[in-house]
Structure formats: C-alpha cells, structure tokens
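Notes for the one structure printed next.
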Amino acid sequence: MPGDTSSIVLRFAPNPNGPMTIGHSRGLSINSEYSRMYGGKVVLRFDDTDPKVKPPIIDAYDWIEREYEWLAGKAPDIVIRASDNMSRYLKCAEEMIAGGFGYVCRCSVEDFKRMREEMKDCPCRDRLVSDTLSDWEAMNSGEITEGDAVVRVKTAMALPNPALRDWPALRILDAPHPAVDGAQYRVWPLLDFQSAIDDHDQGVTHIIRGKDLMDSTRKQTLLYEHFGWSYPQTLYWGRIKVHEFGKISKSEIKAAIEKGKFEDWDDIRLPTLPALMRRGFRGEVIRDFWIDLGITQKDISISMQTIEAFHAKRIDSSTERRSFVRDPVKLTLEGSGGPGPELSIPKHPDGMVQGSRDWTVGGSVVVQSADVNAGSIRLKEYADITVSGESAAVDSWSRTDERPVVQWLPLDMGRDAVLHRPEGRLISFESGLLEDFELKIGEIYQLERVGFARLEDLPDEGPAKLIWLHS
RNA sequence: GCUCGUGUGGUGUAGUUCGGUCCAUCAUGAUGGACUCUCGAUCCGUCGACCCGGGUUCAAAUCCCGGCACGAGCACCA
C-alpha cells in the first residue's frame with residue numbers, strides 16, 4: 001500500500017437502500033483485510049444523501065452493520081451516517097461559493113450538457129459572488145424549486161476530461177429522508193461532494209474502491225485543491241462480474257420483491273448477503289476468497305461455482321454427515337445374524353469431527369427409489385442386499401462384491417424433510433427422509449451423496465426445512 | 001465523440017517498477033490413471049497463456065511507437 005501506512009484509516013461506504021450484495025462483499029473484504037494487515041481502522045459510512053432516487057431503507061442500516069460483522073469478523077471501528085452531517089456539507093458549500101470556487105448554476109440539464117461538450121463557460125459561472133450567494137440562500141429557503149438550480153464546483157470548462165468540467169456538487173431535493181427529521185433540508189450533496197468532505201473530516205488516509213470511481217478521485221482532488229486539503233492515497237479494483245447473476249441492481253431486486261417474484265431480500269436465489277447467510281455460507285470464507293483473488297484493476301468475471309468450490313473445501317472437514325434419502329422407498333429386510341441392531345457411523349469419514357452417529361436398525365429401511373432399480377445394492381456400512389418387491393434379502397453383511405453402495409436409513413431413524421434449492425429463477429423442493437440424529441437448527445450438514453445444506457427449521461409438526469448450500 | 005483504465009492458459013493470478021535467473025508461477029478447470037463403503041479428498045501423469053504489428057537490444061511478458069479489443073466515466077444516482 002502506498003504512502004504512510006503507520007496508522008491508516010480506511011472507509012467502506014455503502015448506500016443503505018437495501019442489504020449488501022455479493023458485489024459489496026469484495027470491497028468490504030479487501031478494506032477490512034488491509035486494515036487488519038496494517039493495524040488500521042475502518043469507517044463504515046452510510047452514504048445516504050439521496051432520499052429521492054435511491055431512498056434509504058431504515059432497516060438497512062442495521063442489516064449492513066450485521067453483514068459487516070459477519071463478513072469482516074469484527075464490528076467496524078467507526079459508524080457514521082452521511083445524513084447526520086448535512087449542516088457540515090452545507091457549510092462547506094457556502095464556503096466554496098463565498099470563496100469563488102463554486103457557484104450556483106441555473107442552466108437546464110440540456111444546456112449545460114451542450115456547453116460541457118463545447119467547452120464553453122456557462123453564464124452563471126462568472127456572476128458576482130454576492131449574487132450567487134443569494135441564489136444559494138434561495139435554494140435553501142425554497143424560493144428556487146427542485147430542478148432549477150445546482151451548485152457546481154468551478155474547475156475549468158476546457159479540461160480534456162469532460163467528466164471533470166464544473167461538476168455538480170449539490171442539488172435541491174424535495175423528499176423526506178427516513179433517517180432525518182422532516183423537511184429540515186432541501187439541498188442535498190451529491191456523492192462526489194459529500195464523500196470528499198467526509199473523507200477529509202474522518203481522516204481517511206487510503207481509499208480502496210472500484211475503478212469506476214477513478215473520475216471521482218480526479219473530481220475530488222480538484223475540490224481538495226480549492227480547500228487546501230490533501231487527498232488520500234487511492235487504490236482501485238476492477239469490475240467484477242458473477243456469471244450467474246450478471247448486473248446486480250438493488251432497486252430492481254426491491255421491485256421484484258414487491259411484485260412477489262422473490263420472498264424477501266434473503267430469498268435463496270438472490271445474490272444478497274442475507275441470502276448467502278441463510279444458505280449457510282461463512283463470512284470469513286467469502287472474505288478469504290476475495291483476498292485470494294487479490295486486487296488488480298483488471299475486470300474479472302467469476303462463477304458462483306468457483307466460490308462454492310472454495311467454500312466446500314474450507315468447510316468440509318468440519319461438517320458433520322447426515323443421510324438424506326429423497327423419494328424414499330420402504331424395504332423390509334430379511335436376513336439373520338449380522339452386526340445386530342446397533343450401528344455406529346462416524347460423523348465425518350476422516351475423523352476430523354469426533355464422534356459417531358448411533359443408529360438402531362429395525363426390520364425396515366428406506367432407500368432412494370432410483371437405487372432399488374439396480375436390484376443388488378450395498379447399504380453403506382451395513383449389508384449387501386437384493387431387492388425383490390417391498391422386501392430385500394440380505395446376501396452378506398460384509399462387502400463382498402462391486403455392487404453399488406447406496407445411502408439408506410433405518411425407517412425409524414428418519415423424519416420428513418424438504419430441501420429447498422435455488423434453480424436459476426425457480427426454487428425446487430425435494431422431499432425425503434432426513435436422518436434424525438442430533439439435529440440442530442442453523443447447523444450445516446453434508447447430506448451424503450447430495451451436498452451441503454443448512455437446517456433452517458425443525459418444527460414439531462411437519463417436515464424439517466433444509467436450505468441448499470452447494471455440492 | 002471525449003477522457004481514463006485494463007489486456008498473461010477455460011477461469012482467477014505471479015512476474016512488468018529496475019529487460020537476462022521466464023522454453024513464464026500458483027490455484028482452479030479439463031483429461032487419463034491409482035485409491036476410496038457418499039460426494040469428495042488424496043496420489044501420479046497430461047492439456048493449456050504473454051492482444052496484434054513494428055522498433056530498440058546480444059537479450060523483451062517487461063522498454064518505445066502504432067493499432068485492436070474490452071471496461072468505466074462524461075447523472076440534479078451511489
């Protein structure tokens with residue numbers, strides 16, 4: 001990391017207009033990891049100064065703090081809401097106007113766009129400071145209506161980069177803010193202005209952000225020069241795309257939820273952090289995954305499968321096994337001798353999880369219907385059998401030949417369960433019998449020959465609810 | 001259109017600052033085999049890349065010039 005790293009201050013600044021998504025998780029992982037490496041601090045700042053186009057959701061402040069902790073493994077060092085700093089932004093704006101490096105512009109959007117293209121000064125640019133100051137007051141008092149004026153930072157209209165030419169800093173918005181008292185403010189700062197002031201006020205030393213914000217850095221640097229501040233060191237990462245999800249838009253997800261296309265923000269088909277949490281992903285594994293990828297400015301495109309493979313590898317050795325027989329068929333066992341009714345099966349085949357699952361085998365067992373077609377099968381860890389109709393003859397207790405090994409359950413050991421599994425735009429429901437041994441809500445199990453799943457609910461009445469994690 | 005950024009196997013990366021130690025690293029993937037009473041894991045092998053074209057040089061992934069491709073910004077969004 002460049003610059004003085006003796007006591008770094010980083011920041012992570014989401015908009016609380018929904019929970020975080022997998023996209024945010026990269027930014028947060030990288031910021032929190034750098035903070036850990038250098039013994040620095042992270043400011044969690046809610047950039048919530050657009051009550052109109054991206055209105056904050058009041059619950060999202062808490063969601064995000066929880067998600068932060070889940071992913072980073074610790075709470076943020078400082079939590080700030082931009083909407084609490086409104087008076088500071090307005091004061092800075094006034095100072096900017098009074099200092100002559102900002103002005104109130106009353107041109108229409110189209111007119112200004114044209115002047116920007118033609119590199120021509122806007123007529124509002126060279127008005128007397130006193131005139132533009134009175135316009136500023138009029139903006140705040142309500143004499144100027146929404147859309148009729150904007151405060152711009154005076155840079156230069158001849159700048160080669162069109163994005164930098166007299167960029168907009170504040171605008172009028174007549175909309176209530178859910179976290180701010182009523183109609184207290186009319187003029188709200190845009191991101192580049194708000195964030196620039198906050199970074200300075202909060203003593204941010206390093207900014208690590210997506211390279212789509214490179215022009216923000218340049219805009220804000222120009223503003224810092226006006227104020228005589230020095231800009232933080234800045235690092236960028238490239239665009240990230242997850243194949244399965246494409247572009248993620250919180251407002252589109254919100255609309256889809258309202259239309260009933262998804263259950264809620266934690267619908268298991270969604271790329272949100274609540275959905276990932278619900279499926280049983282572990283925050284520190286997701287974090288390690290992003291850190292493994294590193295930060296480069298290259299645009300990258302990864303598959304959810306890559307994340308899942310990484311996750312499976314990390315949790316495998318600490319995840320207990322359970323049997324889950326889908327589409328079960330009941331078989332009556334006919335045979336004598338054998339190991340007796342008590343059976344002990346390890347919680348994990350390699351013994352990384354100590355202990356065993358103790359089964360009591362009665363006269364009946366269940367196997368998956370697709371497995372009985374093979375005729376001769378081996379009930380794993382138990383017996384070689386040959387199926388005929390609804391009964392099965394035990395050929396041998398020990399493994400004697402190459403017949404397929406199948407999952408099974410003593411009938412009395414199973415309880416009804418439904419596995420919920422995201423299948424693209426749909427959710428599939430697979431019913432079966434789940435091994436009823438030391439089940440705990442919230443726990444992740446590897447369902448043998450099926451995959452990893454989280455046990456979400458274990459009602460007294462009705463089937464247990466399993467949520468698919470990954471294979 | 002203007003501005004900025006990025007190009008290394010299918011995917012993600014190391015190496016580029018300061019040219020040689022790079023017939024290019026590691027992981028994942030694909031594939032062949034061994035092993036295994038779930039999936040897998042493990043072990044052995046194989047496949048596969050420096051965007052293109054010039055230039056400088058004894059020597060270029062690395063430096064220079066010119067293309068090309070992709071991405072982002074040019075919002076009264078964040």
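Bear in mind that the values here come from a model prediction, so they are computed numbers and not experimental data.
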key: Under 4.0 angstrom between A:Lys298 side-chain N/O and B:U8 OP1 or OP2   = yes

request  = Could you label the plane-to-plane angle of the A:His226 and A:Phe101 rings as parallel, tilted or perpendicular, counting under 30° as parallel and over 60° as perpendicular?
outcome  =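 It falls in the parallel class, under 30°.
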
ask   = Any ion pair linking A:Lys347 and A:Glu438 (charged N to carboxylate O, less than 4.0 Å)?
value =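 Answer for the salt bridge query: yes.
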
request  = Could you verify whether a donor N or O on one side chain and an acceptor N or O on the other, from A:Glu94 and A:Trp136, lie under 3.5 Å apart?
outcome  = yes

request  = Using distance alone, with no hydrogens and no angle criterion, decide if A:Ser134 and A:Asp131 have a side-chain donor and acceptor under 3.5 Å apart.
outcome  = no

note = Result for 5'-nearest mapping on RNA chain B, choosing between A:Ser303 and A:Leu170, is A:Ser303

task = Between A:Lys54 and A:Arg399, name the one whose nearest nucleotide on RNA chain B is closer to the 5' end.
result = A:Arg399

Which part of the nucleic acid, if any, lies within reach of [X] when heavy atoms closer than 4.0 Å are counted: base, sugar-phosphate only, or nothing?
X: A:Glu146; value: nothing
X: A:Thr296; value: sugar-phosphate
X: A:Lys52; value: nothing
X: A:Arg218; value: sugar-phosphate
X: A:Gly238; value: nothing
X: A:Leu190; value: sugar-phosphate
X: A:Glu381; value: base
X: A:Ser323; value: nothing

request  = With C1' as the reference atom in both, quote the distance from B:G48 to B:U16 in angstrom, rounded to an integer.
outcome  = 23 Å

inquiry  = Please report the distance, rounded to the nearest Å, between CH2 in A:Trp237 and C1' in B:G5.
reply    = 16 Å

ask   = Is any side-chain N or O of A:Arg378 under 3.5 Å from a base N or O of B:C37, one able to act as donor and the other as acceptor?
value =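 Pair found.
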
query = Taking all non-hydrogen atoms of both residues, which atom of A:Asp198 and which atom of A:Asn85 are closest, and how far apart?
reply =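 Between these two residues, the closest heavy atoms are OD1-ND2, 2.9 Å.
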
